[in-house]
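Notes follow once the structure below has been shown.
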Amino acid sequence: MNTSSASLPTSRREWHRRVWRLAGPIILSNMSVPLLGAVDTAVVGHLPDPAYIGAVAIGAIIFNFIYWGFGFLRMGTTGFTAQALGARDWQEIRAIIARGIIISLGLAVVILAGQSLIRGAAFWLIEASGDVEALAVTYYDVRVWGAPAALANYAVLGWLLGIQRPRTALVLQIVLNGINIALDLWFVLGLGWGVEGVAFATVISEYSAALLGLWIVHRALIAAGGNWRRDQILDRTRLIAFARVNGDIFIRTLCLIFAFSYFTAQSARMGDVLLAANAVLMHFQHFMAYGLDGFAFAAEALIGGAVGARNREALRAGVSVTTQWAFAISGIYVLVYALLGTEIIGVLTGIEEVRSAAAQFLPWAIVMPLISVWSFQLDGIFIGATRTGEMRNAMIVSVAIYLAAVHLLLPIMGNHGLWLALMVYMVARAVTLGLYYPRVVQAADPISR
C-alpha cells in the first residue's frame, strides 16, 4: 500500500489534480452503472409490451431496498478507511475490510433466509398491474441469489475508495457492469429469456466481480504487510463505532430508497404508460447521479483523510475544490439533456406512447442536475467525516417534507406534481445537511477530540 496516498495536497493546483485523480476513475466506473440500467431498460423496452419495462423497474426497486439499504457497507467502510489512512494506521485498514466482509456475508444469509417474506412484503406494498407483477416476481426469484456477492462488492469497493485506489475500483466496476451488459444482450435479445435473462445476467456478473475484488484486496494486503489480528478486528470499541455509523447510514439510505420507490409506486398507480415513462426519465437522474457522485466519493476520501489527520484547512480545501467541479459538471448535464433528451428517450424505448409521455415530462429531468448536486456533495462530505447521525436526522426530515409535497401537489398537478415534489425533496436534503455543516468542520479540529 502506497503510504504517499495518505499525504494531503499543499497547493490549490495539487488539490485540483488530486480531486480529478480520485473523481475521474470513479466517474467512469459509476457511469457504467446507469449504462447497465439503461441497457436493462433498452433490451426489454424493445419487447412488444410496456409491462416488461415496468417489471424490470419494479424488480430493481425491490433490490434497491435490499442492497442499497445495506449501502453502509460501502459508505461506512470508505469513511473509516479514509480516516485510518489519514492517521497512517495500516493495521486498522486491514481490520476494517475484515469487518466489512464478515458483516456483508452475515447480512446476505439473513436475506436469503427471509427471501419469501421479503417478496411478499414488497409486492404487497407496490401496486402494479397483474402482468407487471408476474414478470417482476420472476425477476426477483432469480436475482435474490446474488446477495452474498452484491454485499461483499460494497465492502470491497468502499475499502478501495478509502485507501484512494480509484483506478482499481474502476477496473472492478467495469468488469461487473461489462459482464452484465454482455450477458443482458445475449440472454434477452439472443436467447429470448426476457426479464429472467436480465436477472441471471446480474447475478453472474456480481459473483464474477466479487471474486476479482477479493483477489485484489488480497494482493493489496500482501503488499502492505502486516497480519490478521482477531483482537483488533473484533475490538469492542471499534465494533460499536462501526455499528453506530453503519446504523445511521442504514436508516438514512432506507429513507432515500423509500423516497424514490414511493415515486415509482405513485407512478404505477397512474398506469403502465406513465410508469414506463417515469422509469425511462429516471435513467436521466441515474446518469447524472453516478457522474456527480464521483466528486462526492472524492470528497469522502479527502475529507476522511483530513479528519484522520485533524487538518481543518485541508478539509475546507477538499470541500471547496470538489464542490466547484461538481457544480461545473452538473451544468454540462443540463446542457446535454436539453439538447439530446428526446434522442436519449428514443434509445431507451421504441414504444411510441411511452416516448410521447416521457417527452412531456422531460423538462424536469433537464433541471434536476442543478438541484441535486448540492445534496450529493454534502453526502460525501458527511460520510468522509463519519458525521452520520446528522445525515440520518436530515434525511428523515427531508422525507417528511417530500411526502407532504407529494400529497399536496399530486392531486393538483398529476405527474408534474410528482416530479415537482421530487425537486422539493432534493432541495430539502441540501438545506437540512447544510445546517449541520459546521459540525463537520469541527470534526477536523485537532483540539476537538
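Throughout, residue positions are numbered sequentially from 1 according to the sequence presented.
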Stepwise side chain to side chain contact (heavy atoms under 4.5 Å, CB included) test for Phe382 and Glu300: CA-CA 8 Å; Phe382 276 74; Glu300 289 178 26; over 6 Å; no
Could you check whether any side-chain N or O of [X] sits under 3.5 Å from a backbone N or O of [Y], counting only pairs where one atom can act as donor and the other as acceptor?
X	Y	answer
Thr202	Val198	yes
Ser356	Glu353	no
Gln115	Leu112	yes
Asn177	Gln173	yes
Arg355	Gly346	yes
Ser261	Phe258	no
Ser398	Arg429	yes
Ser375	Ser372	yes
Asn180	Leu176	no
Tyr337	Phe284	yes

How long is the straight-line distance from [atom2] of [Y] back to [atom1] of [X], given to the nearest 0.5 Å?
X	Y	atom1	atom2	value
Gln266	Leu274	CD	CG	12.5 Å
Met426	Met423	CE	CE	9.0 Å
Cys255	Arg392	SG	CZ	10.0 Å
Met391	Thr386	CE	OG1	10.5 Å
Leu160	Asn153	CG	CG	10.5 Å
Phe200	Tyr139	CZ	OH	12.5 Å

Audit row: Asn278, Trp419, side chain to side chain contact (heavy atoms under 4.5 Å, CB included) steps and yes/no: CA-CA 9 Å; Asn278 283 352; Trp419 279 99; 3.1 Å; yes
Aromatic ring pairing His407/Tyr262, orientation class (parallel under 30°, perpendicular over 60°, tilted between):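 His407 vs Tyr262 ring planes: tilted.
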Parallel, tilted or perpendicular, as decided by the 30° and 60° cut-offs, for the rings of His416 and Phe361: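 Geometry flag for His416 against Phe361: tilted rings.
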Over all heavy atoms of both residues, which pair between [X] and [Y] is shortest? Give the atoms and the distance, please.
X	Y	answer
Phe327	Val373	N-CG2, 4.0 Å
Val156	Val217	CG1-CG2, 3.9 Å
Ala201	Leu183	CB-CB, 3.5 Å
Pro363	Gln360	CD-O, 3.8 Å
Ile101	Ala152	CD1-O, 4.1 Å
Trp145	Asp141	CD1-O, 3.4 Å

Taking the side chain as every heavy atom from C-beta outward, state whether [X] and [Y] have any atom pair closer than 4.5 Å.
X	Y	result
Ile329	Ile332	yes
Val431	Trp374	no
Val319	Ile303	yes
Leu73	Asn246	no
Ile93	Phe80	no
Ile371	Val427	yes
Ile366	Tyr333	no
Ile383	Phe297	no

Residue Arg167 excluded, over 12 heavy atoms near CZ under 6.0 Å: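 Open: at most 12 neighbouring heavy atoms sit under 6.0 Å from CZ of Arg167.
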Enclosure of Trp228 CH2 (heavy-atom neighbours >12, cutoff 6.0 Å):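 Enclosed.
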From CA spacing to verdict: side chain to side chain contact (heavy atoms under 4.5 Å, CB included), Arg387, Tyr436: CA-CA 9 Å; Arg387 303 297 301 190; Tyr436 283 121; over 6 Å; no
Worked verdict on Arg244 versus Thr388 for side chain to side chain contact (heavy atoms under 4.5 Å, CB included): CA-CA 8 Å; Arg244 175 186 58 78; Thr388 52; 4.0 Å; yes
Residues Arg99 and Glu92 bridged, charged N to O under 4.0 Å: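 A salt bridge is present here (some side-chain N lies under 4.0 Å from a carboxylate O).
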